Each structure stands twice: as structure tokens, then as C-alpha cells.
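Remember, predicted model here, so these are calculated numbers, not experimental data.
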Amino acid sequence: MSCQIEGKSAILQVCYDAGAAHYSYGPRGGPAELALSESYDTLGYTPWPGVGRAIWEAVTFTNGQYTYMVSGGVDRMFGDEVDTDNPYPQFGSVTVSKGDDFLAEFTCDRATTSFSWSDNLFDYKEAAGFEWDDRDSSWKARR
């Protein structure tokens, strides 16, 4: 997922590979102000539950006492709602907290948001030894 933050020149990016998920935030064309990587055994990840109007997921990165929860998704449009120029409007945001205290939320400019949903993060969490429990919406270590 990537986007420009509404009202700012900052770019938010989340990507992943077989070893970790990566977070980057900083000015367009410049070095990241904050770059984090999180292995799948510690990555907070909430997969799309499979219901609702939007397909979405969220990942949480930790940096000391601070957490950065990035969510992204795509609105599913139906019938007359479909805009042929943008049939699947995408969205995203990052929420910053310190401990249990909310500090800020930054919303992505929808026109710049690129969100690509797949099962890859889910598969990487499972490969790290976890299984998703639908009843309480959490990851459990495999027995």
C-alpha cells in the first residue's frame, strides 16, 4: 500500500517480502523520516474478515512505546454506484499511538492511494507458526 497523506507532502508506504513487513513515512522524493521493519512473528496483522462493503486489512508496526497501525482497503461498488473511471475506490490511513494513548491519525489522499489486497500476509503469519481465530479475531500460536 502507498499513498500521499492528505494535506501533506508525506508519503506512506507499506510493503512486505518473505522475511518481514516494512513501513516507511517521509517526504516525497526524500529519505524516509521513519522506516520500520517487523518480522511476521511480531507483526500485528488483522486480515479482512470476508464480509462488508470494503475489502480491507490492517498491520501494526512497533517502535519502542509507539505503534503505527496502517489500514488500507478498497470499496466494492455495485450496480449504478460503479464509476467506470475508478471502479474500486481505494483508501488508507495510519494511526499513531503511544502505549494506550491515541496521538494522531493521518488519512491517505484517495486519488494517490494504491492498495493491493492478497492472501500473502495471512500466509506469512501462518508460516511464522500462527493461526487465525475467527471467534476472537486474533492470532494464536500453533500448538
Side-chain angles (χ1 to χ4, degrees), residues 1-6 8-79 81-100 102-143:
M1 182 206 136
S2 66
C3 71
Q4 181 172 333
I5 299 299
E6 281 185 351
K8 297 183 177 289
S9 64
I11 302 296
L12 168 66
Q13 294 181 323
V14 172
C15 59
Y16 56 86
D17 55 36
H22 310 281
Y23 170 96
S24 176
Y25 181 91
R28 177 183 296 281
E33 292 174 11
L34 181 62
L36 304 170
S37 292
E38 190 98 25
S39 66
Y40 296 111
D41 59 337
T42 60
L43 180 70
Y45 169 60
T46 304
W48 176 50
V51 296
R53 180 177 185 94
I55 297 171
W56 61 272
E57 59 189 358
V59 292
T60 302
F61 296 86
T62 303
N63 185 24
Q65 296 179 15
Y66 295 89
T67 57
Y68 302 83
M69 185 181 76
V70 180
S71 60
V74 58
D75 288 326
R76 297 188 293 173
M77 307 305 280
F78 303 99
E81 300 173 322
V82 176
D83 175 356
T84 55
D85 293 329
N86 189 15
Y88 301 104
Q90 300 176 2
F91 58 89
S93 67
V94 59
T95 302
V96 183
S97 301
K98 183 177 181 184
D100 292 332
F102 168 85
L103 298 178
E105 180 174 16
F106 301 100
T107 302
C108 291
D109 176 341
R110 280 185 174 245
T112 66
T113 302
S114 175
F115 173 79
S116 178
W117 181 81
S118 75
D119 289 332
N120 292 344
L121 287 174
F122 193 94
D123 293 343
Y124 286 139
K125 280 295 280 189
E126 285 188 326
F130 297 89
E131 60 187 2
W132 182 251
D133 185 338
D134 284 323
R135 290 176 303 219
D136 66 1
S137 300
S138 68
W139 290 97
K140 308 277 191 222
R142 229 183 253 122
R143 296 178 193 166

Between [X] (side chain only) and [Y] (backbone N and O only), is there a donor and an acceptor less than 3.5 Å apart?
{"X": "Thr112", "Y": "Gln4", "value": "yes"}
{"X": "Glu105", "Y": "Val94", "value": "no"}
{"X": "Gln90", "Y": "Phe115", "value": "yes"}
{"X": "Trp139", "Y": "Tyr45", "value": "yes"}
{"X": "Lys125", "Y": "Leu43", "value": "yes"}
{"X": "Arg142", "Y": "Glu126", "value": "yes"}

Are there more than 12 heavy atoms of other residues, nucleotides or ligands under 6.0 Å from atom [atom1] of [X]?
{"X": "Lys140", "atom1": "NZ", "result": "yes"}
{"X": "Glu33", "atom1": "CD", "result": "yes"}
{"X": "Asp100", "atom1": "CG", "result": "no"}

**OP:** Take Phe106 and Lys8, measure what side chain to side chain contact (heavy atoms under 4.5 Å, CB included) needs, and give me the verdict at the end.
**Re:** CA-CA 9 Å; Phe106 301 100; Lys8 297 183 177 289; 3.5 Å; yes
What's the separation between atom [atom1] in [X] and atom [atom2] in [Y], rounded to the nearest 0.5 Å?
{"X": "Met69", "Y": "Ser97", "atom1": "CE", "atom2": "OG", "value": "7.5 Å"}
{"X": "Phe61", "Y": "Leu34", "atom1": "CZ", "atom2": "CG", "value": "10.0 Å"}
{"X": "Phe91", "Y": "Arg110", "atom1": "CZ", "atom2": "CZ", "value": "6.5 Å"}
{"X": "Glu38", "Y": "Thr60", "atom1": "CD", "atom2": "OG1", "value": "8.5 Å"}
{"X": "Asp119", "Y": "Trp48", "atom1": "CG", "atom2": "CH2", "value": "10.0 Å"}

Do [X] and [Y] have side chains that get closer than 4.5 Å, going by heavy atoms?
{"X": "Phe130", "Y": "Asp41", "answer": "yes"}
{"X": "Leu12", "Y": "Cys3", "answer": "yes"}
{"X": "Ser71", "Y": "Ser93", "answer": "yes"}

Give the table of side-chain donor-acceptor pairs shorter than 3.5 Å for residues 14-24, with sequence neighbours excluded, one pair per line with atom names and distance.
{"unit_1": "Tyr16", "atom_1": "OH", "unit_2": "Ser118", "atom_2": "OG", "d": "3.2"}
{"unit_1": "Tyr16", "atom_1": "OH", "unit_2": "Asn120", "atom_2": "ND2", "d": "3.1"}
{"unit_1": "Asp17", "atom_1": "OD1", "unit_2": "Gly19", "atom_2": "N", "d": "2.9"}
{"unit_1": "Asp17", "atom_1": "OD1", "unit_2": "Ala20", "atom_2": "N", "d": "3.0"}
{"unit_1": "Asp17", "atom_1": "OD2", "unit_2": "His22", "atom_2": "NE2", "d": "3.0"}
{"unit_1": "His22", "atom_1": "ND1", "unit_2": "Ser37", "atom_2": "OG", "d": "2.6"}
{"unit_1": "His22", "atom_1": "NE2", "unit_2": "Ala20", "atom_2": "O", "d": "3.4"}

Subject >> Stepwise side chain to side chain contact (heavy atoms under 4.5 Å, CB included) test for Val96 and Phe102 >> reply: CA-CA 6 Å; Val96 183; Phe102 168 85; over 6 Å; no
**OP:** Determine, step by step, whether Leu36 and Tyr25 satisfy the side chain to side chain contact (heavy atoms under 4.5 Å, CB included) criterion, reporting the C-alpha distance in whole Å, the side-chain angles of both residues, the deciding distance to 0.1 Å, and the verdict.
**Re:** CA-CA 9 Å; Leu36 304 170; Tyr25 181 91; over 6 Å; no
**OP:** Go through the steps for Thr67 and Thr62 under the test side-chain hydrogen bond (donor to acceptor under 3.5 Å, both in side chains), then give the verdict.
**Re:** CA-CA 5 Å; Thr67 57; Thr62 303; over 6 Å; no
Original post:
Can you name the closest pair of heavy atoms from Ser2 and Gln13 and give their distance?
Top reply: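 Heavy atoms only, the tightest pair is CB-CG, 3.8 Å.
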